[in-house]
Protein chains: 2
Amino acid sequence: MSNYRNIDVTQLATAFKALAHPNRLNIYLQLLDCCTPGTACAVDEVQKCCAGDLGTNLDVAPSTLSHHIKELHQAGLLQTSRRGQHIDYWVDPEALETLRRFFATADQAG
Amino acid sequence: MSNYRNIDVTQLATAFKALAHPNRLNIYLQLLDCCTPGTACAVDEVQKCCAGDLGTNLDVAPSTLSHHIKELHQAGLLQTSRRGQHIDYWVDPEALETLRRFFATADQAG
DNA sequence: TCTATATTTCGATATATGTCGAATTATCGA
DNA sequence: TCGATAATTCGACATATATCGAAATATAGA
């Protein structure tokens, strides 16, 4: 059961766990809207996705925000890059593809 | 943020939470393999999906198994029907479709 | 009706998680 | 180099969750 139709079940559970918290799902959705998966927002674009921006509509302390971002990152859902004082985050396209594929195949025959 | 591209975000987080635990994910995967989503296994088929069967490869007490099944059911991921002493469970097709659709659209543009 | 089987509910307990504030690290600009 | 800003790490604490065993509920069959 550690593997299901060529999908790593442990990785799947880890991803679900990361996305299970409303604040973390919120962060992930923001990043989905912010940048095309696999790409950080260009600096000159209006949309930003550095840690501070992700917390503006979350009402949590910076340390809590950092904690949640770390969880998402450790689950493999986000990628990261420093840009000066800021740290940008964006959606890991492979992890997203794994999730998409799981539900796509699950939705087919039993 | 309670709605994202016509998908209920709260429902999404609830579903992820239910699937985040390895034992519950295991149960869900068994049901996906057991029966076509939306249908219970016919009684005369070899595959079964009553509560007891779902726990055979899980190594947890019956009460714990029941607890996990209840979580999946309350999250809207499973449907249920009593069959004599047994209670059958199967994958709710609409919930699965919601998840499939979320990742399908998320995987497209940002 | 009585017994066996399947499942759930309840109460207790250990562990995991979310949150904060304070302190720390990293970077930029003066 | 110093101060400001962004983000992380750490320690503490309250809450949530997973688990079990015992007891309760539901059903089938003798």
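Numbers restart at 1 for each chain; the letters A, B, ... are given by sequence-line order, proteins then strands. For clarity, every value in this text was computed on a predicted model and none was experimentally measured. For the numbers below, each heavy atom of this structure counts, side chains included, while hydrogens, waters and symmetry mates do not.
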Side chains of [X] and [Y]: does their closest heavy-atom pair fall under 4.5 Å?
X        : Y        : answer
Leu77(A) : Leu31(A) : no
Asn26(B) : Asn57(B) : yes
Tyr89(A) : Ile27(A) : no
Leu19(B) : Leu99(B) : yes

Given dC20(D), dT7(C), dC20(C), identify the nucleotide with an atom nearest to the side chain of Ala61(A).
dC20(C)
To the nearest 10 degrees, what angle separates the axes at the start and end of the helix from dT1(C)-dA30(D) to dA30(C)-dT1(D), five pairs each?
30°
Checking Gln74(A) now: which residues fulfil side-chain hydrogen bond (donor to acceptor under 3.5 Å, both in side chains) with it, not counting sequence neighbours?
none
Please list, for nucleotides 27-30 of chain D, all pairs of protein and nucleotide N/O atoms separated by less than 3.5 Å.
unit_1	atom_1	unit_2	atom_2	d
dT27(D)	O2	Gln85(B)	NE2	3.3

Can you name the residues that form a side-chain contact (heavy atoms from CB on, under 4.5 Å) with [X], not counting sequence neighbours?
X        : value
Ala13(B) : Leu25(A)
Ser63(A) : Ala61(A)
Gln85(A) : none
Ser66(B) : none

List, with names and distances, any nitrogen or oxygen atoms from the protein found under 3.5 Å away from nitrogen or oxygen atoms belonging to nucleotides 10-13 of chain C.
none

Find the distance [X]:[atom1] to [N]:[atom2] and express it as a whole number of Å.
X        : N       : atom1 : atom2 : value
Asn23(A) : dT19(C) : CG    : C1'   : 10 Å
Ile27(B) : dA18(D) : CD1   : P     : 11 Å
Leu54(A) : dT8(D)  : CG    : P     : 10 Å
Leu65(A) : dT8(D)  : CG    : P     : 7 Å

Starting at the 5' end of DNA chain C and moving along, which residue's nearest nucleotide shows up first, His86(B) or Val60(A)?
His86(B)
Who passes salt bridge (Lys or Arg N to Asp or Glu O under 4.0 Å) against Glu94(A), sequence neighbours left out?
none
Hey, could you give me the CG/CZ distance between Leu29(B) and Phe102(A), rounded to the nearest 0.5 Å?
5.0 Å
Got a sec? Which of residues 13-21 of chain B come in under 4.0 Å of DNA chain D, heavy atoms?
Lys17(B), His21(B)
Contacting residues from residues 66-76 of chain B, given that a heavy atom lies under 4.0 angstrom of DNA chain D:
His67(B), His68(B)
According to ring-ring contact (aromatic ring centres under 6.0 Å, His included), does anything in residues 6-32 of chain A pair up with another residue at least two apart or in another chain? List the pairs.
Phe16(A)-Phe103(A), Phe16(A)-Phe16(B), His21(A)-His68(A)
